[in-house]
There are 2 protein chains.
Amino acid sequence: MKANSKVRARVMDTVTRLFYEQGFQATGINQIIEESEVAKASLYEHFPSKEAILQAYLEDATAQWRSEFEEFCKGKAAGDKTILALFDYRKFLAVKRGFKGCTFIRVVYEMPNLDKAALEVILRHKEYIRKMLKENIALLPSRRSPKEVEELAEMIVSLYEGCGVQSSLERSARSIDSARKIAQKLLE
Amino acid sequence: MKANSKVRARVMDTVTRLFYEQGFQATGINQIIEESEVAKASLYEHFPSKEAILQAYLEDATAQWRSEFEEFCKGKAAGDKTILALFDYRKFLAVKRGFKGCTFIRVVYEMPNLDKAALEVILRHKEYIRKMLKENIALLPSRRSPKEVEELAEMIVSLYEGCGVQSSLERSARSIDSARKIAQKLLE
DNA sequence: ATATAAAAACAGACAAGTCTGTACGAAAAT
DNA sequence: ATTTTCGTACAGACTTGTCTGTTTTTATAT
């Protein structure tokens with residue numbers, strides 16, 4: 001009964017909060033066990049190391065992102081509406097969490113020599129977004145060549161990542177709103 | 001004779017390398033003094049704390065960035081050529097340093113509760129870039145309203161920051177090349 | 001339902017090492 | 001002669017991870 005244990009869930013809840021607020025390195029094992037209300041021995045029964053916690057966290061967080069985003073898109077038409085929802089979701093998260101930037105880029109930037117497996121999870125996540133963009137761009141009324149689709153997707157990815165960075169510098173949603181408007185124009 | 005001391009310069013050279021390669025937190029005082037070939041007492045004679053080293057590093061690095069970028073623009077016409085040089089310089093740096101992203105965003109993302117003074121230095125730097133963009137956009141032959149200038153600058157900032165993030169994920173210059181092309185098109 | 005066996009979570013001490021920053025007197029440079 | 005740099009020992013607090021033994025929970029058998 002290790003898989004559906006409550007220890008794992010409590011640890012994940014805690015690190016989801018702490019890793020985002022403080023960063024991975026600034027969060028110690030002792031703080032994790034204290035705030036999860038879990039014994040140290042129990043934690044190490046579930047995760048062999050702090051690195052393993054990070055790995056599990058990234059897997060959970062990317063999955064959570066996708067499911068919440070898909071929820072966010074419910075009721076929205078495919079095409080431009082879904083693409084714009086990407087910016088709406090980013091804004092929603094940024095406001096909720098105090099403009100500290102993208103969870104995943106944060107990890108990559110904090111640890112330039114990141115574990116290969118961890119980077120893999122993040123790349124897969126970003127690939128999911130890119131694919132979603134391309135599919136939805138292809139659905140738009142104005143017909144575009146594959147090359148044009150590719151280029152527009154690239155541009156929206158840049159806008160998306162760029163406004164995330166910018167909003168964390170300014171600690172405001174201004175750049176996200178702005179990026180959304182620009183994207184809207186590009187999608188016409 | 002503290003200002004033109006060699007200790008300060010050697011420490012700055014070392015941390016410029018180490019902070020970028022490993023990150024600030026992962027770089028210890030002991031590693032700094034060892035690789036700078038400086039005694040610990042000497043280091044603390046020049047910098048009251050590790051935080052102070054970070055502050056001096058950010059000031060030096062932003063100043064260095066600007067002077068090197070201006071060197072990079074020498075011989076280039078004002079307007080679109082200068083704006084595109086921003087991407088060329090980013091590519092130059094990214095290739096040279098192994099695609100670990102923007103120096104300054106790295107610091108912001110690594111330490112979400114960064115010192116106010118340190119954040120100030122970074123914001124000033126990013127403001128410098130934005131101002132440079134607006135000035136050069138205004139010089140372009142196709143006349144634009146102030147609002148259009150503002151919006152185009154915003155877009156190029158996003159492209160610039162976005163491709164920096166993207167290139168560090170992919171560990172390649174592809175996204176920088178791509179962003180440059182898109183910028184070129186937008187500037188027509 | 002109740003007794004028993006097995007699994008899981010517990011609290012906390014401890015090891016072994018890291019970290020930043022201070023203090024000392026000696027050596028070197030100006 | 002005065003300032004700077006040096007080497008190094010040290011304090012004190014922190015780090016991750018291990019280990020021990022106890023208590024609680026869960027599953028099974030009667």
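Convention: sequence-line order gives letters A, B, ...; per-chain numbering from 1. All values reported here derive from a predicted model rather than from experimental measurement.
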Positions of [range] (non-hydrogen atom under 4.0 Å from DNA chain D), listed by number:
range: residues 113-121 of chain B; answer: none
range: residues 11-20 of chain A; answer: none
range: residues 53-61 of chain B; answer: none

- Query: Is there a donor-acceptor pair closer than 3.5 Å between any side-chain N or O of B:Thr62 and the backbone N or O of B:Leu58?
  - Reply: yes
So, does A:Ser175 use its side chain to make a donor-acceptor pair with the main chain of A:Ser167 at under 3.5 Å?
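Pair found, side chain donor or acceptor close to backbone of A:Ser167.
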Are [X] and [N] close enough that a side-chain N or O sits under 4.0 Å from OP1 or OP2?
X: B:Ser42; N: D:dT4; value: no
X: A:Arg10; N: C:dC10; value: yes
X: B:His46; N: D:dT4; value: no

Between [N] atom [atom2] and [X] atom [atom1], what is the distance in whole Å?
X: B:Leu43; N: D:dT4; atom1: CG; atom2: P; answer: 15 Å
X: A:Gln31; N: D:dT16; atom1: CD; atom2: P; answer: 10 Å
X: A:Glu34; N: D:dT15; atom1: CD; atom2: P; answer: 11 Å
X: B:Arg8; N: D:dT4; atom1: CZ; atom2: P; answer: 15 Å
X: A:Glu45; N: D:dT20; atom1: CD; atom2: C1'; answer: 14 Å
X: A:Glu37; N: C:dA9; atom1: CD; atom2: P; answer: 15 Å

Here the pair of heavy atoms bringing B:Val38 nearest to B:Leu43 is CG1-N, 3.9 Å
By side-chain hydrogen bond (donor to acceptor under 3.5 Å, both in side chains) - contacts of [X] (at least two apart):
X: B:Tyr57; result: none
X: B:Glu51; result: none
X: B:Lys91; result: B:Asp177
X: B:Arg66; result: none

Would you be so kind as to tabulate the donor-acceptor pairs closer than 3.5 Å made by side chains of residues 10-26 of chain B, with sequence neighbours excluded?
unit_1  : atom_1 : unit_2   : atom_2 : d
B:Arg10 : NH1    : B:Glu37  : O      : 3.0
B:Thr14 : OG1    : B:Arg10  : O      : 2.8
B:Thr14 : OG1    : B:Ser36  : OG     : 3.0
B:Thr16 : OG1    : B:Met12  : O      : 2.6
B:Arg17 : NH1    : B:Glu35  : OE1    : 3.0
B:Arg17 : NH2    : B:Glu35  : OE1    : 3.0
B:Tyr20 : OH     : B:Lys100 : N      : 3.2
B:Tyr20 : OH     : B:Gly101 : N      : 3.1
B:Tyr20 : OH     : B:Gly101 : O      : 2.7
B:Gln22 : OE1    : B:Thr27  : OG1    : 3.1
B:Gln25 : NE2    : B:Glu110 : OE2    : 3.3

Consider only side-chain N and O atoms of [X] and [Y], and report whether a donor and an acceptor are under 3.5 Å apart.
X: A:Glu188; Y: A:Gln184; answer: no
X: B:Asn136; Y: B:Lys81; answer: no
X: B:Ser142; Y: B:Arg144; answer: yes

Sequence neighbours excluded, the answer for salt bridge (charged side-chain N to carboxylate O under 4.0 Å, His left out) partners of A:Lys134 is A:Glu150
Fill in: Salt bridge flag under 4.0 Å for residues A:Glu151 and A:Lys147
no
Bend of the helix from C:dA1-D:dT30 to C:dT30-D:dA1 from end-axis comparison, five pairs per end, nearest 10°, comes to 20°
Nearest-nucleotide comparison on DNA chain D, the residue closer to the 5′ end among B:Ile33 and B:Val7: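 Looking at the nearest nucleotide for each, B:Val7 comes out on the 5' side.
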DNA chain D: 5'-proximal contact among B:Ala39 and A:Gln25 (nearest heavy atom):
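The residue closer to the strand's 5' end, by nearest nucleotide, is B:Ala39.
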Can you classify the ring geometry of B:Tyr160 versus B:Phe87 as parallel (below 30°), tilted (30 to 60°) or perpendicular (above 60°)? perpendicular
Do the non-hydrogen side-chain atoms of A:Arg90 and A:Cys102 ever get within less than 4.5 Å of each other? yes
Which side-chain N or O atoms in residues 115-133 of chain A pair as donor and acceptor under 3.5 Å with protein atoms at least two apart or in another chain?
unit_1   : atom_1 : unit_2   : atom_2 : d
A:Lys126 : NZ     : A:Glu161 : OE2    : 3.0
A:Tyr128 : OH     : A:Glu70  : OE2    : 2.7
A:Arg130 : NH1    : A:Glu154 : OE1    : 2.8

Would you list the protein and nucleotides 21-26 of chain C atom pairs, both N or O, that sit under 3.5 Å from each other?
unit_1 : atom_1 : unit_2  : atom_2 : d
C:dG21 : OP2    : B:Tyr44 : OH     : 3.1
C:dG21 : OP2    : B:Lys50 : N      : 2.8
C:dG21 : N7     : B:Lys40 : NZ     : 3.3
C:dG21 : O6     : B:Lys40 : NZ     : 2.6

